[in-house]
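Here's the structure, in structure tokens; my notes come after.
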Amino acid sequence: MNEELDSQLSAMFDDELAPEQCELLARRLSRDEQLKSRWGRYAVIGAAIRSERGVSLNPPLAGRVSAVILTEPALSGSAAAQGVRRAALRWWQPIAGAAMAAGVAAVSVLWLRAQGPLPGATLSAQRTAHTDAIAPGQGLSYVVPRAPAARAVLVPSTTLANYVVAHSMVSSPVARRNLLSAFMTSESANAASESITAAEEPHDVQANIP
Amino acid sequence: MSRPTFRNEHFAALALAWTATGVAPAEEQAPTHWLERMNQALTTRNYDGTFSHWHGGHVEMLRIIHRVQDGTVSERLASLDGSGREFVRTGASLSCYLPDKRTVVVEQRPPEKSLVGFPAVTDQTASFYDIREIGRTRLNRRDTHIITVSPKDEYRYGYRLWIDDSTAMPLKTQLCDTHGHVIEQIVFASLTLPSRIPDSAFRTEVSTEGFQWLRNETPPPPAQAGGAMAWSAMRLPPGFKMTGRSAQTLPGSTDPVDHLVFTDGLASVSVFVEPQRAAKAGESPVAETAEVGSSSAFSTVVDGHKITAVGEVPPDTVRFIATQVKAHGK
């Protein structure tokens, strides 16, 4: 990739490229796989550096960002990156056409938003051990049951849809949106029909409660 | 270069409305107040937005349209790619269009029987989460407050929220597991807050020709699904309480279902109790688990009834609650 193109790409991501140049570059983006790959890396780095500002990155994450910056193939070689790229490319084409019609600025926003969070990103506010907040009447000792070995069982997805819709009416607004969004996506469609599992030992739950 | 993704006039109008009603300046808001304002904005405002939903390395774009008009809530959530599924709510009617299953699920919820409202953040809730504002940042050229909600134990998930300073709309949300890892993310790419949204915005674009329609046409039963049996949880994870109960029928079934609701003020779990259909000879009941995004479901059989728990909590939590639900007062 020539230096000028790289510079233009960087400027476009930083919202500093002239609109007419943005449009030309966006058109090239839609057909240049190498350019798309580089744009994806800018998006990931930008998400870490800009959108996450104020949130401290943990060392492994910082290391990964550095690796992305220093070695071009690092991101594209990871499984997570392939997932991101697969998803991003899947909706890139329809979005690109509409976005260019509406203004290329939308492309940069939408592209950035299509990236998932970096693997391993953690809350900077660390969790603290739960020691003194037991509800009245509750025991001090709980044993969370271990996830049992599972085997696949097919259950009707419409049954799950009934439960999801009914539960969504009593969830907090944010949780509700997450739940319904997950159910609307194709991944959850697969989850509903294919990834239902059955516990082999349904009655091994223990609770050490006085 | 301007980004056409936000219509600032709408945000400005909204900010003025809040000022007029005497809401304290943003800089004085405590983190829990930001959560309350966010819930208020999400449930009472008109908005139309497109957002990306990320889970498990998979990204999909969805559009949400929400309107409150004359006290009636209308909502449409549609997958813009992938399954093409849509959820449409108009008042008490909830419809789920599943093109991939060639099915439409329609639930009519009688208002007087409905479980209404959502969990409220209380002081007790705050004792099970560490709720902080960890900073402010610009997102899509909007000033946002970053609020973190970190669970203090393994029974619930945490959130990281980018809440718009003037409208309290969450422009970006991350759901984090008990180890703090991001497991689900929603980020708005565009968002407008129109004063009026036409009815046509809530009509599905899914062609339903040849689809099966599942409705709950049977009136909800007057008593619990278990007849004279009352169902409750013997034990609950710390902080969870039962806050609601209703009897209803679900689409595609004539069996009555008890719906119990448990919440800690942020996370909630629904437990559905319905008569178990007769098992074949020699067939032992099985417990089933499922995940919908970051939400979990677990189903088991107790006293001839199928108990299913669904909630935006870790799998072990729904499993724990489901297995603690018992009948009493036969």
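Letters go in sequence order (proteins before strands), and every chain restarts at 1. Note that these values count all heavy atoms, side chains included, but never hydrogens, waters or copies made by symmetry.
Of the listed residues (B:L214, B:V269, B:V105, B:L94), the one with the most heavy-atom contacts under 4.5 Å to chain A is B:L94.
Of the two parts of B:L35, neither the backbone nor the side chain holds a non-hydrogen atom closer than 4.5 Å to a non-hydrogen atom of chain A. Both the backbone and the side chain of B:F87 come within contact range of chain A, judged by heavy atoms closer than 4.5 Å. In this structure, the portions of B:P170 lying under 4.5 Å from any heavy atom of chain A include both its backbone and its side chain. Only the backbone of B:E86 comes within less than 4.5 Å of a heavy atom in chain A; its side chain stays farther off. Heavy-atom distances place the side chain of B:F51, and not its backbone, under 4.5 Å from chain A.
For B:F272 and A:Y163, the gap between ring centers is short of 6.0 Å.
Under the 6.0 Å distance and 45° angle rule, B:R235 does not count as a cation-pi partner of B:F320.
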key: Residues B:K152, B:Y129; criterion side-chain contact (heavy atoms from CB on, under 4.5 Å); working and verdict   = CA-CA 5 Å; B:K152 294 180 178 177; B:Y129 295 90; 5.7 Å; no
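For the side-chain contact (heavy atoms from CB on, under 4.5 Å) test, residues two or more places apart in sequence or in another chain that qualify with B:P314 are B:Y157, B:T178, B:T317.
A salt bridge links B:R156 to B:D264: one of the charged nitrogens lies within less than 4.0 Å of a carboxylate oxygen.
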